[in-house]
Amino acid sequence: MLKINLSDGQDDEQADGNAAEETSEAVEEKSADTLAASPEPTEDGEETAETSKPKRKIKPRELVLIALLCVAAVVYYQKDMILGLFSGMGEKPVETVEAPPPAPEPAPEPVAPPEPDPTLIALEGLRSSVPQRAWLTAATILYDGTYEIKGMAFTHDAALQFVGLLGKIGSVAAHDIPKKRRSSESMYPFVISGKMANADAPEILDTIPPERLSPMAETLAAHQKDLGIAFLRLPEQGKTYADNDLPFALEGTFENLEQVIRMICPDDGDTRVYRLSIMPAKPGKGYNRIRASFSLKTLSSI
């Protein structure tokens, strides 16, 4: 007998309704769970710390990456300096040798002042030392400043005064003065020898050749009027003179004679008076006039 289940359609519909109800309830429960899990806003509209979403932790791998990026940035911006450091590696440092300070310039050697002619020194000393009551009758002066003089004094004191004055400007080696006489009209002849101070003799003197003496004589003759003298004798051309010869002779005053010697024997020159002889001029020429004869030599070049 065939049975027909008339309740299959109702059952299916009821099953579908139950399924729908179950689905609806599940949705409602899930929504409730979601609402329950969502953080509740505070009064300021912010979420509380308990309900806020947890922060994301940085992994060690990411820290290493960030550090590498920083190093790369530093290397990029400081590449010139870094390259400069590496470029000098392996090279020997260049030693800078400081130049020694310049040697101090040597101090200039003191230049000795030129020495005047010793004969001229002796002549000036004699002229300034003769007292008023005495005069010279003869005088011989050599190239080293030594002298021998003869004269007359009206008083004994004048002769002694002359010796004392010569001792102040040099040394008196000897003197010959007569003893004092009772008569006031007596004359006192004297002889005095010595050496002037500060008269350094040249070490070596050479004879002046004739070819040099002749031009010198011509120059002196051309200036004799300007010098206030009159030449009595001058060197002859081509003639050679010995040490004791006196080829120059003139007449004038002591001052005129000094001018002539300064002219032909300058301090910075090489000519010196070798021997000088002085005596009074002839009578009638004036008491202050003298006659002088002298010879010349030259400083040696050795």
Side-chain angles (χ1 to χ4, degrees), residues 111-128 136-150 193 195-196 198-286 288-302:
V111 179
E115 298 179 357
D117 193 308
T119 306
L120 183 62
I121 295 176
L123 182 62
E124 292 176 346
L126 291 176
R127 182 175 61 85
S128 61
L136 304 182
T137 58
T140 301
I141 304 173
L142 300 181
Y143 64 93
D144 58 355
T146 58
Y147 62 87
E148 182 183 82
I149 56 177
K150 298 178 181 180
S193 60
K195 185 179 186 300
M196 291 295 171
N198 301 324
D200 297 328
E203 294 182 359
I204 302 177
L205 291 174
D206 291 335
T207 302
I208 299 178
E211 58 270 16
R212 184 178 172 187
L213 280 177
S214 296
M216 190 180 300
E218 294 175 0
T219 301
L220 290 175
H223 290 83
Q224 59 182 341
K225 291 184 179 180
D226 299 333
L227 296 172
I229 60 174
F231 276 101
L232 306 176
R233 184 172 61 250
L234 287 172
E236 298 178 10
Q237 186 173 4
K239 185 176 180 179
T240 301
Y241 296 91
D243 291 345
N244 293 328
D245 294 332
L246 304 175
F248 295 88
L250 59 87
E251 186 177 283
T253 63
F254 271 102
E255 292 82 358
N256 299 145
L257 177 59
E258 291 177 5
Q259 291 178 358
V260 172
I261 294 177
R262 292 182 187 278
M263 180 178 178
I264 61 179
C265 302
D267 294 346
D268 56 351
D270 62 347
T271 305
R272 294 291 183 267
V273 175
Y274 181 71
R275 185 183 182 91
L276 172 64
S277 177
I278 304 173
M279 62 184 62
K282 291 182 178 182
K285 297 289 185 177
N288 62 340
R289 304 286 290 184
I290 60 172
R291 298 182 68 178
S293 302
F294 58 89
S295 60
L296 301 175
K297 283 198 172 185
T298 182
L299 298 176
S300 177
S301 59
I302 301 176

| message | Could you check whether any side-chain N or O of T298 sits under 3.5 Å from a backbone N or O of D270, counting only pairs where one atom can act as donor and the other as acceptor? | response | yes

| task | Supply the atom-to-atom distance L213 CG to F248 CZ, rounded to the nearest 0.5 angstrom. | result | 5.5 Å

| request: Kindly give the heavy-atom pair with the smallest separation between D267 and P116, and that separation in Å. | output: OD1-CA, 3.2 Å

| Side chain proximity check, R289 to T253, heavy atoms < 4.5 angstrom | yes

| If you measure from CD on E255 to CD on E258, what distance do you get to the nearest 0.5 Å? | 6.5 Å

| T137 and P280: which non-hydrogen atoms are nearest, and at how many Å? | O-CD, 3.1 Å

| Going from OG1 on T271 to NZ on K297, what distance comes out if it is rounded to the nearest 0.5 angstrom? | 13.0 Å

| query | Is the closest side-chain heavy-atom distance between P210 and T240 below 4.5 Å? | reply | yes

| query | Between K282 and E251, is there a salt bridge with N-O shorter than 4.0 Å? | reply | no

| request: Could you go through the side chain to side chain contact (heavy atoms under 4.5 Å, CB included) check for M263 and T219 one step at a time? | output: CA-CA 10 Å; M263 180 178 178; T219 301; 3.9 Å; yes

| Beyond-backbone contact of P247 with S295, side-chain heavy atoms, under 4.5 angstrom | yes

| Option passing side-chain contact (heavy atoms from CB on, under 4.5 Å) with F294 (candidates I278, T119, L276) | L276

| query | Got a sec: does the NZ of K195 have more than 12 other heavy atoms crowding it under 6.0 Å? | reply | yes

| message | I need the minimum non-hydrogen distance between T207 and Y241, along with the two atoms involved. | response | CG2-O, 4.2 Å

| Under 3.5 Å, side chain of S293 to main-chain N/O of S277, donor-acceptor pair present? | no

| query | Once you round to the nearest 0.5 Å, how far does CG of L299 lie from CG of L205? | reply | 6.0 Å

| query | Just by modelled atom types, is the H223 backbone N or O under 3.5 Å from a matching donor or acceptor in the D226 side chain? | reply | no

| What pairs of residues pass the salt bridge (charged side-chain N to carboxylate O under 4.0 Å, His left out) test when at least one of them lies in residues 271-281, not counting sequence neighbours? | none

| query | Considering all heavy atoms of both residues, which atom of A199 and which atom of I121 are nearest to each other, and what is their separation? | reply | CA-CD1, 4.1 Å

| query | Which heavy atom of Y147 sits nearest a heavy atom of L126, and at what distance? | reply | CD1-CD2, 4.4 Å

| message | So, taking the atom named CE in M216 and the one named CD1 in I208, what distance separates them when rounded to the nearest 0.5 Å? | response | 4.5 Å

| field | Taking every non-hydrogen atom, the tightest pair across L227 and N256 | value | O-ND2, 3.1 Å

| task | Would you check if the side chain of R233 reaches a backbone N or O of L246 as a donor-acceptor pair within less than 3.5 Å? | result | yes

| note | Between the CG atom in L257 and the CZ atom in R127, the distance rounded to the nearest 0.5 Å is 10.0 Å

| message | For the CG atom on N198, are there more than 12 heavy atoms of other groups (residues, nucleotides or ligands in this structure) within a distance under 6.0 Å? | response | no

